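Below is one structure, written out as structure tokens, with a few remarks after it.
Predicted model only: the values in this text are computed from it and were never measured. As a basis for the values below, the full set of heavy atoms in this structure was taken, side chains included, without hydrogen atoms, waters or symmetry mates.
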Amino acid sequence: MKAIVAEAGNKVAIWDNVPMPVPGPYEALIKVTAASLCNSTDQKILHGEFCGPLPGILGHEAVGRVVEVGSKVRLYKIGDLVTRPRVGDYPEIGLRSLFGSFVEYGLAHDARAQAEDEGKTLSYTPDQTVATPDWDAMALTQCITLKETLSFLRNWKVGPGHTVLIYGTGPVGVSFSLWAQYLGCDKVIVVGRRDEACQRAIDFGRATHAINNAKQSVPQAVREITGVGVTHAIEAIGENSVLQDCLDSLAPGGEVGIYGVPPDSQGRSPLLDDPRVSSVGPNEATADAEVLPLVKAGKIPGKEFVSHTLHFTEAAKGFELLASKEAFKVGLLFD
């Protein structure tokens, strides 16, 4: 089968000699139908800045249909849509799985059924969501980030009376902005480097304010907007250099949440040891029941995030569109 592979030298290649996965008794075989490039993680992997050596199969934002189920599977049915199908490493051909969802066929694990049959308590919430066959697959790919970002804010107990600063105007930053509004925050301020992206955060992301940090001091602009600073600041791009701005924009008692993962070359920032940096994180699977109905009903955008749609064999062009900022989000079709 074919897979989208990150190779050394920032090269994206389609490998067509990847062995088909074989489902075990607690696994379902998934035919991938749609996916999208992660503006952050996939690009950092491609540039050798995250997750170790290459080559490796990219992708975690993918959705597919169940075409075969193992003998002990109870969660999945033929025709169901499932998020995050994936494969493991292929040492026999020198290929790693770097989240491993950009493949023609992947696997989903019925972890609950296996735990029940073995008399064990499942210690985690599986991240492979089951959806009914009538879902738009591309919209469902966007629910992966939407679930992560909402669960992050829920875990942080963000809500009415709070003011939120979000560093980043890409799909993750816009997702945080949408949810901060949904949760009833008083002010939602997004920071970006380009006027166009800042305006998108207001028009599409429903932010109340946007700051272009190429033109303004973020802490100064935040205090002009809020008077005292924000209760919550989110570093959503994975850039150590913005942590100081986040800390300097806080109101007394405020906290910074870290969502973005910086490239390996930046190392660990000493600012992470500041007591105002929160240890909160996402738990994607806990947001299933809340996010999916909102997206399906059109109350929160899903497929609308995708600005460009390509066949998966054109993934290299998709990365070029992201690098040039021509694309906001690139969707990939496997059918």
Side-chain angles (χ1 to χ4, degrees), residues 40 145-146 148-262 269-282 287 290 294 299-301 305 328:
S40 178
T145 296
L146 287 166
E148 278 202 350
T149 47
L150 177 60
S151 67
F152 188 103
L153 295 176
R154 286 284 190 203
N155 291 346
W156 212 7
K157 303 189 186 320
V158 172
H162 292 149
T163 49
V164 179
L165 175 70
I166 302 158
Y167 236 109
T169 52
V172 167
V174 166
S175 295
F176 272 122
S177 178
L178 286 165
W179 290 128
Q181 279 283 25
Y182 167 78
L183 293 172
C185 295
D186 286 351
K187 291 183 176 64
V188 180
I189 309 166
V190 175
V191 180
R193 298 187 181 97
R194 297 180 300 122
D195 288 338
E196 176 190 358
C198 288
Q199 192 61 49
R200 184 194 295 117
I202 292 174
D203 295 340
F204 182 64
R206 306 173 190 172
T208 59
H209 300 79
I211 301 169
N212 185 328
N213 64 328
K215 298 179 179 180
Q216 293 177 277
S217 160
V218 172
Q220 179 180 339
V222 166
R223 279 172 173 75
E224 289 173 358
I225 294 167
T226 65
V228 294
V230 295
T231 59
H232 299 77
I234 303 168
E235 200 286 89
I237 58 176
E239 180 64 51
N240 285 340
S241 64
V242 308
L243 279 174
Q244 191 65 62
D245 271 0
C246 288
L247 290 164
D248 290 346
S249 298
L250 293 177
E255 291 186 328
V256 172
I258 307 298
Y259 181 91
V261 179
S269 171
L271 293 176
L272 293 172
D273 296 321
D274 190 295
R276 294 171 294 172
V277 174
S278 168
S279 60
V280 70
E290 188 170 10
L294 289 168
K299 295 179 180 179
I300 293 291
F305 273 84
F328 178 62

Can you tell if the side chain of R206 reaches within under 4.5 Å of the side chain of V188, non-hydrogen atoms only?
-> no
Considering residues at least two apart in sequence or located in another chain, which fulfil the salt bridge (charged side-chain N to carboxylate O under 4.0 Å, His left out) criterion with E148?
-> R84
Hey, what's the ring geometry for F176 with Y259, parallel, tilted or perpendicular (30° and 60° as the breaks)?
-> perpendicular
For F204 and F305, run side-chain contact (heavy atoms from CB on, under 4.5 Å): C-alpha distance rounded to whole Å, both residues' side-chain angles, the deciding distance at 0.1 Å, then the answer.
-> CA-CA 9 Å; F204 182 64; F305 273 84; 4.0 Å; yes
Side-chain contact test, heavy atoms from C-beta onward, threshold under 4.5 Å: evaluate it for L271 versus Q244 and give yes or no.
-> yes
Heavy atoms of S177 and G205 approach each other most closely as OG-O, 2.7 Å
Roughly how far, to the nearest 0.5 Å, is OG1 of T149 from CD1 of I234?
-> 9.0 Å
Nearest 0.5 Å, what's the NE2-CD1 distance between H209 and I225?
-> 5.0 Å
Can you list the steps and then say if F152 with V158 is a side-chain contact (heavy atoms from CB on, under 4.5 Å)?
-> CA-CA 9 Å; F152 188 103; V158 172; over 6 Å; no
Should E290 and L146 count as side-chain neighbours, where that means a heavy-atom distance under 4.5 Å?
-> no
Applying side chain to side chain donor-acceptor pair (under 3.5 Å) to T145 and not counting sequence neighbours gives E61
Would the number of heavy atoms belonging to other residues, nucleotides or ligands and lying under 6.0 Å from CZ of R194 be above 12?
-> yes
Set of side chain to side chain donor-acceptor pair (under 3.5 Å) partners for T163, sequence neighbours left out = none
Work out which heavy atom in S278 is nearest to a heavy atom in W156; give both atom names and the distance.
-> OG-NE1, 3.4 Å
Atom OG in S175, atom CG in L153: separation rounded to 0.5 Å?
-> 10.0 Å
Any chance you could measure S241, atom OG, to I237, atom CD1, to the nearest 0.5 Å?
-> 6.5 Å
Residues passing the side chain to side chain donor-acceptor pair (under 3.5 Å) test with N155, sequence neighbours excluded, are none
Hey, is the main chain of E239 close enough, under 3.5 Å, to the side chain of E235 for a donor-acceptor pair?
-> yes
Quick one: are W179 and L294 in side-chain contact, heavy atoms under 4.5 Å?
-> yes
Derivation and outcome, side-chain contact (heavy atoms from CB on, under 4.5 Å), residues I189 and I166 = CA-CA 6 Å; I189 309 166; I166 302 158; over 6 Å; no
Straight-line distance of T208 OG1 to Q181 CD, nearest 0.5 Å = 6.0 Å
Heavy-atom check, side chain of V164 versus side chain of V230, under 4.5 Å | no
For R223 and G229 the tightest heavy-atom approach is CG-N, 4.1 Å
Side-chain heavy-atom pair P301, L178 within 4.5 angstrom cut-off = yes
Side-chain touch V280/I258, heavy atoms, less than 4.5 angstrom | no
Of all residues at least two apart in sequence or in a different chain, which pass the side-chain contact (heavy atoms from CB on, under 4.5 Å) check with V218?
-> L165, Y167, V191, I211, N213, V222, D245, S249
OG1 (T231) and CG (D186) are apart, to the nearest 0.5 Å, by 8.5 Å
When you measure from the side chain of T169 to the backbone N and O of G192, does any donor-acceptor pair fall under 3.5 Å?
-> no
Considering residues at least two apart in sequence or located in another chain, which fulfil the side-chain contact (heavy atoms from CB on, under 4.5 Å) criterion with K215?
-> D195, N212
Sub-3.5 Å donor-acceptor pair from the side chain of E255 to the main-chain atoms of H232, do we have one?
-> no
